[in-house]
2 protein chains.
Amino acid sequence: MTEHTTRTAEGAPTAADNAPTAAPAVSPAEAFMAESAAMAADSAPEAAAERVWRNLRALVLERNERRKETAEALGMSFFRIKALRRIAAKPSRLSELATELASDRPYLTLVVDDLVKRGLAERHPHPTDRRCKIVSATPAGHAVADRANAILGSPPPALLALPPADLAALDRITAVLTTDG
Amino acid sequence: MTEHTTRTAEGAPTAADNAPTAAPAVSPAEAFMAESAAMAADSAPEAAAERVWRNLRALVLERNERRKETAEALGMSFFRIKALRRIAAKPSRLSELATELASDRPYLTLVVDDLVKRGLAERHPHPTDRRCKIVSATPAGHAVADRANAILGSPPPALLALPPADLAALDRITAVLTTDG
DNA sequence: AGTAATGATTCTGTTTTTACAACCATTGGA
DNA sequence: TCCAATGGTTGTAAAAACAGAATCATTACT
């Protein structure tokens, strides 16, 4: 599990490193062949899942990292952009934002203060609990959040260049992956 | 392009928001039907690509964000972990690391200093250019990088729970997506 | 009513990251 | 050989992020 990686294992995957051995989509027979050998029952699917996960992370985190670009375009730190997008998507209490953004309440008070100063967010009283404050986005805040979403949400060229059948397959599978958890 | 998002557009996608309209993987016929209507030639694939991209980002960035967990487990900031993983994968010059980690040389000098102090990295002279210094990982550095990779590289449960045929399809398609660009 | 718990804020301090100027050693070419 | 360019380091300043204690108003519980 913790065997040493070779020099080229993670950062610069070679051609054989991120590709399945043959064409598992067409005929998943080799999996059973491997299973009939000396391997554990689900070791081959697990290896495939690890390979898929590594490639997905590379696609999202390395090849299409647009945090910096977005932050520069909007003139604020990416954390604030993240907070604003979250607020624009769903007005919430401060503590909710803190937990969902993996931060703490004091810092979010600061961040929301900044967003309010910029005219992008507002604090509203909670309808029933007067301790809470609901943070929501102003029209200007929604506009900025939309600009961020336009940048971050534009699919990479590789995705657009995919054969329609593959894209459709991805569409269906990723929908499944994001519904349950 | 910059139309206002509704309140629930981005942060909390509803069931209809991240799923294709029907079952496009089985029968891509509706795409042509839509095309035969008043839409542009490739607007339906583009919409699918955007939906796929949004779901992929959600999967990697929201549902399986393990930066904090990894940083806490290894006792160093995630940027240092990223640098160490990069160094362990491929010894490089400082300037190379700086550009690939989207940072600058002075800061990487600092970060490498810290990794060296921790006994995880070493500076070696460049074989031909005495200005350069090749930064590589010590055995202890490789061990830590492997621990990070074990955490970050473990696929999410949803991926492991996928039907073998879907996983195989993902395996093939993601390999294509990460080879060219 | 009294008390504990909660939500947000304020305060304080530290670490991390970004950015830029200046510097030294070395290299490559005019 | 001289000079511009490169690679790494040092130094400085500031923003950004993380973390914890303490405070205040409000709420929930007994």
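In what follows, every chain begins at residue 1, and chains take the letters A, B, ... in the order their sequences are listed. The shown structure was predicted, so the numbers you read here are calculated from the model rather than taken from an experiment.
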Just to verify, what does [X] make a salt bridge (Lys or Arg N to Asp or Glu O under 4.0 Å) with, not counting sequence neighbours?
X       : result
E100(B) : R86(B)
R131(A) : D129(A)
R105(B) : none
E69(A)  : none

Original post:
Atom CZ of R54(B) and atom CZ of R57(B): how far apart are they, to the nearest 0.5 Å?
Top reply: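 Here the rounded value is 11.0 Å.
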
**OP:** Determine, for nucleotides 4-10 of chain D in 5'-to-3' order, which nucleotides have protein heavy atoms under 4.0 Å from the base (write B), from only the sugar-phosphate (write S), or from neither (write -).
**Re:** -BBSSBB

Can you check the [X] [atom1] to [N] [atom2] distance for me, whole Å?
X       : N       : atom1 : atom2 : value
E122(A) : dA8(C)  : CD    : P     : 17 Å
K82(A)  : dA16(D) : NZ    : P     : 16 Å
F79(A)  : dA19(D) : CZ    : P     : 11 Å
F78(A)  : dT18(C) : CZ    : P     : 13 Å
H126(A) : dT27(D) : NE2   : P     : 10 Å
D104(B) : dA22(C) : CG    : P     : 16 Å
R118(A) : dA16(D) : CZ    : P     : 8 Å
E72(B)  : dC18(D) : CD    : P     : 13 Å

Subject >> Qualifying ring-ring contact (aromatic ring centres under 6.0 Å, His included) pairs with a residue from residues 81-127 of chain A, counting only residues at least two apart or across chains >> reply: F79(A)-Y107(A)

**OP:** Compare side-chain N and O positions of S77(B) against OP1 and OP2 of dT17(C) and report whether any pair is under 4.0 Å apart.
**Re:** yes

